Trainee: 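Sharing a structure below in structure tokens format, with a few things to ask.
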Amino acid sequence: MPVTSVEFLNRELSLLQFNERVLAMAHDPGTPLLERLRYLCIVGSNLDEFFEIRVSSLKEQMRLHPTMRGPDGLTAGQAFDLVQKDVHSLVARLYGLFNEEVLPNLRKEGVYLHHAHEWDETQREWAHDLFVRDMMPLLTPIGLDPAHPFPRVYNKSLNFLVPLSGEDAFGRKASVAVVQAPRALPRVVRMPPEISGLPHGFILLTSLIRAFAGELFPGMTSRGVYQWRVTRNSDLFVDEEEVTNLRLALQGELSQRNFGSAVRLEIDQGTPPEIEGLLHEEFGLKQEDTYRVSGPANFARLMQICQEVDRPDLLFPDSRGAIPKAFSGLTVRDGAIFDLLTRGDQLLHHPYQSFRPVIDLLTAAARDPNVVAIKQTIYRTGEDSELMQLLIAAARAGKEVTVIVELMARFDEQTNINWAARLEEVGAHVSYGVVGHKTHAKMLLVLRREKGGIKRYGHLGTGNYHSRTARLYTDFGLMTANPAMCEDMDKVFAQLTGLGARRELSLLLQSPFNMHGSIVDMIRAEADAARAGKRASIKAKMNSLLEPQVISELYRASQAGVKIDLIVRGACALRSGVPGLSENIRVRSIIGRFLEHSRVFYFYAGGKERVYLSSADWMDRNFFRRVELAFPVLNPALKKRVINEAFTLALRDNVRAWVQQSDGTYSKVRSRREPHVMQDQLVTLLQDK
């Protein structure tokens, strides 16, 4: 057995534990049926990224630093072996649940994937016509021989190997051909109800190619059609110190992302060993890198079924975020939203409350003749963004628009490049932040000419300026006209767009400067209070907890007697409940219909109750290699709201909550008491705020 650390859990194994909890939502018969399918898709998508980033990183460490141990005490090779064992088990259960439970139950509801071996004559004729008419012209089979080497294969593309017998038109002996499914072809095709016999029948592209691929090789005999997919290292590397134009350099690197080194091979359950061996040799992979699947290789593609089937009874109840009472009835033309913020800070909790007030603030800023400048950071925003259109409109209207676009936002690089170009075309000032530090802070600042001079209005958030994810992810946003906070925001913008010495901030905590040190100091202050016999408490909510020094400080605080509650959705390297180390620390994770995404930090502070909202997880990258912000909630009523909505209800949840055990595994909370589901309670609670 590999040597492991008592103090730190492995990051990759902890991430897999998170996916186990997501898979449990698909297992739960109380989850609506189409949502169960959606959770399977989410696990599949998460595993794709896990291999593209985390497993590829382990492989690089195995190659470059094979003997180096991480904080968890494991070498990269030892971690890789443990990861592969867990992933193989997870994948087996993913497909088992899909084939044995979710798919049969969907069929009972009239939703079904028609497999080729089940087609009746009418269905086969319809499928054949579809294949010949819409698909066959786009397929280019490649026979493998000295004149036709193995084709370049895109990351996660759908491919087939077809063993053949016979001779072709030139008298060449056939062996094996590769058929690549073009990205233009839909992976899921709806079958007309009169053909399907069910209201919602579908066929996978895989089934169509399996059934009719032989027609691509006239006069020859197909001896099988075997689906496969290869996953590649998708982490981009751009030497930001060496390039003169980051956008151009990144565009060049993006074209190569799809051809990084292979890290995973997925093949059909019944693929012959010789076919598997051919793929191993081609991609430099081994048996442990290979996953035999009994179903679609790319589960994420099945999300289309959830979107196309009009059965609200098989989905979670529709929950549109409420417009907070303070914003209802406001117009964007009369300056009312600025008057509202002048009267006091406003707190938004998405998706329980609508993202609309943020859009309205920017709309008002774009149209108000007294607004002279708008400044905003963009990390992820989507290809069709109303918010970005408003920034473009504001620039066209002659306002000074400054946008910090983070080009290195993983998997959103091309979208951000496109928006940066469009903003520059209309005269906006576009900056790509600071070399070597991703700009992950979420802030919007409006400068308005009023009596007495220029007044600032701001929005700070824990999540992205992305209207779609604002309906799916839980995040807090603070809208404010607080002069000190808005001045701090302006200083941060100045740091990001210009040059100069570090500017001291009065209220905001900022990475990579003082956030880490401030968090450590506040943890130590609670520990000192506990040692003095005073009340001490720490509560924190985040996506990931990995930074070793912060974890060590939390252990010391626990040993001093501080009661610590941590709500960590995903990876957590801290080990809770270990006698003599962390017996005063509880770690829980909540998995529900919405993705828990907000970061909230609470310190009792001798009764002052310091509460910060933040864009940053407690990870090395967020503290030291990113521009991040943590902003205090100063208004007592709003502070009380945050404590209740982020912690009190979460710690009471006895349905969707999981509690970490000292070995790093998680157990579902079980209770015979009245059920409390935090997310459901917040939907109801915030309808009236």
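Here the structure is a predicted model, which means the values were calculated and not measured. Computation of the quantities below employed the complete heavy-atom set of this structure, encompassing side-chain atoms and omitting hydrogens, waters and symmetry-equivalent molecules.
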Trainee: Kindly say whether A76 contributes a backbone atom to a donor-acceptor pair with the side chain of Q61 at under 3.5 angstrom?
Mentor: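 No; judged by distance alone, with no hydrogens or angles, the pair does not exist.
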
Trainee: Checking the side chain of S589 only, and the main-chain atoms of W658 only, is there a donor and an acceptor separated by less than 3.5 Å?
Mentor: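 Such a contact is absent between S589 side chain and W658 backbone.
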
Trainee: Tell me which pairs pass salt bridge (Lys or Arg N to Asp or Glu O under 4.0 Å) where either residue lies in residues 533-549, with sequence neighbours left out.
Mentor: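 Non-adjacent pairs meeting salt bridge (Lys or Arg N to Asp or Glu O under 4.0 Å): K541-E596.
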
Trainee: For Y154, is there any backbone N or O sitting under 3.5 Å from a side-chain donor or acceptor partner on S157?
Mentor: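 Checking the backbone N and O of Y154 against the side chain of S157, a donor-acceptor pair under 3.5 Å is found.
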
Trainee: Give the intermediate values and the outcome of ring-ring contact (aromatic ring centres under 6.0 Å, His included) for residues F513 and F623.
Mentor: CA-CA 8 Å; F513 302 126; F623 284 131; over 10 Å; no

Trainee: Who pairs with R292 by salt bridge (charged side-chain N to carboxylate O under 4.0 Å, His left out), at least two apart in sequence or on another chain?
Mentor: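 Counting only residues at least two positions away or on another chain, R292 forms a salt bridge (charged side-chain N to carboxylate O under 4.0 Å, His left out) with E276.
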
Trainee: Looking only at atom types and distance, does a side-chain atom of S511 sit under 3.5 Å from a main-chain N or O of V627, one as donor and one as acceptor?
Mentor: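 No, S511 side chain to V627 backbone: no donor-acceptor pair under 3.5 Å.
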
Trainee: Check for a donor-acceptor pair, side chain of Q660 on one end and backbone N or O of R575 on the other, with a separation under 3.5 Å.
Mentor: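 Between the backbone of R575 and the side chain of Q660 there is no qualifying donor-acceptor contact (under 3.5 Å).
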
Trainee: Closer than 3.5 angstrom, by distance alone: can the side chain of E526 be matched with the main-chain N or O of I523 as a donor-acceptor pair?
Mentor: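 No; judged by distance alone, with no hydrogens or angles, the pair does not exist.
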
Trainee: With R21 as the cation and Y666 as the aromatic partner, state whether NZ or CZ is under 6.0 Å from the six-membered ring centre and within 45° of the axis.
Mentor: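 Because its charged atom sits under 6.0 Å from the ring centre and within 45° of the axis, R21 does stack over Y666.
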
Trainee: Give a yes-or-no answer on whether the side chains of T231 and R264 include a donor-acceptor pair shorter than 3.5 Å.
Mentor: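 On atom types as modelled, these side chains qualify, holding a pair under 3.5 Å.
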
Trainee: Quick check on side chain to side chain contact (heavy atoms under 4.5 Å, CB included): which of H437, K438, R380 does E406 satisfy it with?
Mentor: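 Output: one option passes, namely K438.
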
Trainee: Would a distance-only check, ignoring hydrogens and angles, find a side-chain to backbone donor-acceptor pair under 3.5 Å from H88 to E288?
Mentor: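 Checking the backbone N and O of E288 against the side chain of H88, a donor-acceptor pair under 3.5 Å is found.
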
Trainee: Assess R569 against F18: is NZ or CZ under 6.0 Å from the centre of the six-membered ring, and within 45 degrees of the ring's axis?
Mentor: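 Because its charged atom sits under 6.0 Å from the ring centre and within 45° of the axis, R569 does stack over F18.
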
